[in-house]
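Beneath this line is the structure, given in structure tokens, with notes to follow.
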Protein chains: 2
Amino acid sequence: MLQLTKRTEYGLIALVHMVDRPGVFVSAREICDTYKVPRRLLAEVLKTLSKAGLLASHRGATGGYMLVREPELTSVAQAVSALEGNPASSSCSPSPVDDSNSLFPILDSGSGCDMSPTCPIKTPIQRLRDGIWSLLQQTSLRDLAAPTAAAVNANPLGELLQSAQTLTY
Amino acid sequence: MLQLTKRTEYGLIALVHMVDRPGVFVSAREICDTYKVPRRLLAEVLKTLSKAGLLASHRGATGGYMLVREPELTSVAQAVSALEGNPASSSCSPSPVDDSNSLFPILDSGSGCDMSPTCPIKTPIQRLRDGIWSLLQQTSLRDLAAPTAAAVNANPLGELLQSAQTLTY
DNA sequence: CCAAATAGCACTGATTTGGTGCGCAATCAT
DNA sequence: ATGATTGCGCACCAAATCAGTGCTATTTGG
């Protein structure tokens, strides 16, 4: 489905939470106590984000996780890419890319579609995915945490988000 | 996963195919013979799109399916919405909307999140979804079939698609 | 009448997803 | 030192989703 998994949602919750706690290690306990997400699962998610290089971890009594980079330097796409498998493993997609340098395998182009050259939707589907992925790529954790007018304007999402309601919660 | 299902891909293939066959009923056989998609499954998909009001069907020997509206009046979002369940049934989402008038339940706002008011990602997640959905909404079958410069410019996807390669297949 | 096509219903196997159990290793406060 | 706290690694499970299929009935054009 065209939907973020719970794991990804939990991951984004955690990441956004850490945007407000720069420079300190935040434990999984603190996060799950705050947002009522399954502790064990959140731990798994944080572990993954850590292995993906988005978070730094520290063990021990006062341990936890911390953003490795500035919030504006980490994109939602990186989190999604880390938490959900390789999204390019679709029928109309290039063969799986093992290039660890590529954080966005879905963007890699190729010719692995078994329906080509007759498939009329190959490129369209890819364009669709590229569009979605671009959205995620160009949305930083900072944008996600507290979208300012500047962020909205500097971001391709901005136009789309103009009409989005800004809730106070 | 943040990915279109096979059903949706097949559906889009069929829809795009029909963009090039305006005014005539296209059989499932013709489509699956052309693009090598499972016949039985494609039939199921077309049935669904028909029930959703995107396609008109005609039974009998020369029967088949035909686009109900002009290709620019049907959005990818409508197809996705018809072929994949209600995408709003997520944790940070409003309760399922049974309003049949709303083709895009994901866009409906509400307060069904069981994590509010502490959840800091509720609105961000929704904005993300809204952004993705807006992309799909504002991409017509025409855009998908043969994106012209005009379509690209008139479409929010345009900016994102500028860098997308235009393959000849 | 027959062949071709959609409509309806039900079903299956494989994969993904959400979530958990448990022991080990590191680290800090006392 | 030592125990409490925290992350780490590995394996596991149940439910949901997904891709794909079987079969029959009904409509319709030639």
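Model, not experiment: these values are computed from the prediction. Convention: sequence-line order gives letters A, B, ...; per-chain numbering from 1.
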**dG19(C) OP1/OP2 closer than 4.0 Å to side-chain N/O of Y10(A)** = yes
**Asked** With V76(B), which residues qualify under side chain to side chain contact (heavy atoms under 4.5 Å, CB included), at least two apart?
**Response** L128(A), L12(B), V80(B), L136(B), T139(B), L144(B)
**Request:** With sequence neighbours excluded, tell me which residues meet salt bridge (Lys or Arg N to Asp or Glu O under 4.0 Å) with R29(A).
**Result:** none
**Asked** Does a side-chain N-to-carboxylate-O contact under 4.0 Å join E9(B) and K6(B)?
**Response** no
**Message:** Suppose we call a contact any N or O donor and acceptor under 3.5 Å apart; does that hold for the side chain of K6(A) and the base of dG19(C)?
**Reply:** no
Could you go over nucleotides 12-15 of chain C and give all protein N or O partners under 3.5 Å, atom names and distances?
none

**Asked** Taking only residues two or more places apart in sequence, or in another chain, which ones meet S57(A) in a side chain to side chain donor-acceptor pair (under 3.5 Å)?
**Response** none
Distances under 3.5 Å between nitrogen or oxygen atoms of protein and nucleotides 28-30 of chain D:
from: dT28(D); atom 1: O2; to: A61(B); atom 2: N; distance (Å): 3.2
from: dG29(D); atom 1: OP1; to: H58(B); atom 2: NE2; distance (Å): 3.4

**Prompt:** Given dT17(C), dC9(C), dA5(C), which nucleotide is nearest the side-chain atoms of T5(A)?
**Reply:** dT17(C)
**With E72(B) via salt bridge (Lys or Arg N to Asp or Glu O under 4.0 Å) - residues at least two apart** = R142(B)
**Message:** I want to check one thing: is the phosphate of dG7(D), taken as OP1 and OP2, less than 4.0 Å away from some side-chain N or O of S50(A)?
**Reply:** no
**Request:** Among the candidates dG8(C), dG18(C), dT6(C), find the nucleotide nearest to the side-chain atoms of K51(B).
**Result:** dG8(C)
